[in-house]
Amino acid sequence: MKMLLLSRFVGAVPEFLGGVGTGSRADIRIAYIDDASQPLGDAPFVGRERTQLQDLGYSVVPVTIGDGTAADLATVLDSVNAVYVAGGMADHLMDVLRRTGADSVLVERVRAGLPYIGASAGAMIAGTSIDPAIALDGHTEGISLEDRSGLGLADVVILPHADGQLPPYPSETINEVAGRLKGTPGLTLLADDAGLLVEDNHLRRVDSPSTA
């Protein structure tokens, strides 16, 4: 199992995918799961996140799980070299995954070796709990998850944007949330230019600067 859990920037992606495929970056197909951003409409970051991957030269395959079925996701994941789960509302994302049964498909494929990249919400759902997401953003309208557990692919609880540089999450907010979650097993604070590399049971922090 190989995962790259990011806060915001994708600078670590090329090294992470360095051993994938035998051709150019354009030959590497990445399933781009955008469900977390659906409640946010045309928020500026939504387009920028996808553009970051395209600017690196990868072939991006858009996927909205909520528009299909678990079987549809399985078909897509069987045709790509990696999966990228984008940021947004983590509770909405987990609700869609569970409601469609796509959570099992995603876990199965990643455990079988499909490289997983998650940013912000996409990083949080890979861990054991999305409590940081609820603390930062509250609940998506119409969704109130009783079960806040993540996919459990790594024994971590990710708190992204921990350097307080992103305007919606100033240092005061990050410090308050970190204090509230103090003592949570696996709590991991990630700055926007950092990531967590997960290979089997080994975790290592990596730099992941902006590529702009």
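For the single chain, residues carry numbers from 1 onward in sequence order.
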Can [Y] be reached from [X] by stepping across I, L, V, M, F, W or Y side chains whose heavy atoms are under 4.5 Å apart?
X   : Y    : value
I28 : L4   : yes
V96 : V61  : yes
I65 : L106 : yes
L97 : I130 : yes
L53 : M3   : no

For [X] versus [Y], what's the shortest heavy-atom pair and its separation?
X    : Y    : result
A90  : A133 : CB-CB, 3.5 Å
A31  : V76  : CB-CG1, 4.0 Å
I158 : A123 : CG1-O, 4.0 Å
G138 : M89  : O-CE, 4.0 Å
R50  : P62  : NH2-CG, 3.3 Å
E49  : A86  : OE2-CA, 3.3 Å

If you look only at pairs with a residue in [range], which of them pass as a side chain to side chain donor-acceptor pair (under 3.5 Å), with sequence neighbours excluded?
range            : value
residues 151-164 : S7-H161, S120-H161, H161-D192
residues 86-104  : D91-T140, R98-S149
residues 58-68   : D34-T64

For [X], what residues pass the salt bridge (Lys or Arg N to Asp or Glu O under 4.0 Å) criterion, not counting sequence neighbours?
X    : result
E176 : R180
D27  : none
R109 : D78
R148 : D131

Could you pull out all donor-acceptor pairs under 3.5 Å where a side-chain atom in residues 193-204 meets a protein atom, sequence neighbours excluded?
| unit_1 | atom_1 | unit_2 | atom_2 | d |
| --- | --- | --- | --- | --- |
| D200 | OD1 | M1 | N | 2.9 |

(message) Would the distance check show the side chain of S208 and the main-chain N or O of F9 forming a donor-acceptor pair, the cut-off being under 3.5 Å?
(response)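 Looks like yes, one N/O pair under 3.5 Å.
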Do [X] and [Y] come close enough that some side-chain heavy atom pair is under 4.5 Å?
X    : Y    : answer
L190 : L6   : no
T211 : D55  : no
V63  : L77  : no
L17  : R25  : no
S79  : R29  : yes
S129 : T184 : no

(request) Report the residues that fulfil side chain to side chain donor-acceptor pair (under 3.5 Å) with N175, sequence neighbours left out, ordered by chain and then residue number. (result)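 With neighbours one apart ignored, the set is empty.
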(request) For Y84, check ring pair (Phe, Tyr, Trp, His ring centres under 6.0 Å) against everything at least two apart and list the hits. (result)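 For Y84, the residues satisfying ring pair (Phe, Tyr, Trp, His ring centres under 6.0 Å) (neighbours in sequence not counted) are Y32.
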To the nearest 0.5 angstrom, please state how far the [atom1] atom of [X] sits from the [atom2] atom of [Y].
X    : Y    : atom1 : atom2 : answer
I125 : I33  : CD1   : CD1   : 7.5 Å
M124 : T188 : CE    : OG1   : 12.5 Å
L93  : D35  : CG    : CG    : 6.0 Å

(request) Determine, stepwise, if the pair D147 / M94 fulfils side-chain contact (heavy atoms from CB on, under 4.5 Å). (result) CA-CA 10 Å; D147 180 0; M94 284 305 307; over 6 Å; no
(message) Could you check whether atom CD of Q54 has more than 12 heavy atoms from other residues, nucleotides or ligands sitting under 6.0 Å from it?
(response)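 It does: Q54 CD has more than 12 such atoms within range.
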(request) Using the ring pair (Phe, Tyr, Trp, His ring centres under 6.0 Å) rule, collect all pairs that involve residues 107-136, keeping only residues at least two apart or in two chains. (result)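 The answer is none; no pair qualifies.
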(request) Evaluate the side chain to side chain donor-acceptor pair (under 3.5 Å) criterion for residues D72 and T75: first the C-alpha distance (whole Å), next the side-chain angles of each, then the deciding distance (0.1 Å), finally the verdict. (result) CA-CA 5 Å; D72 293 331; T75 298; 5.6 Å; no
(request) Output the rest of the hydrophobic cluster of L189: all Ile, Leu, Val, Met, Phe, Trp and Tyr residues reachable through side-chain heavy-atom contacts under 4.5 Å, sorted by chain and number. (result)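 Joined to L189, directly or through intermediates: L136, V157, L159, L166, Y169, I174, V177, L181, L187.
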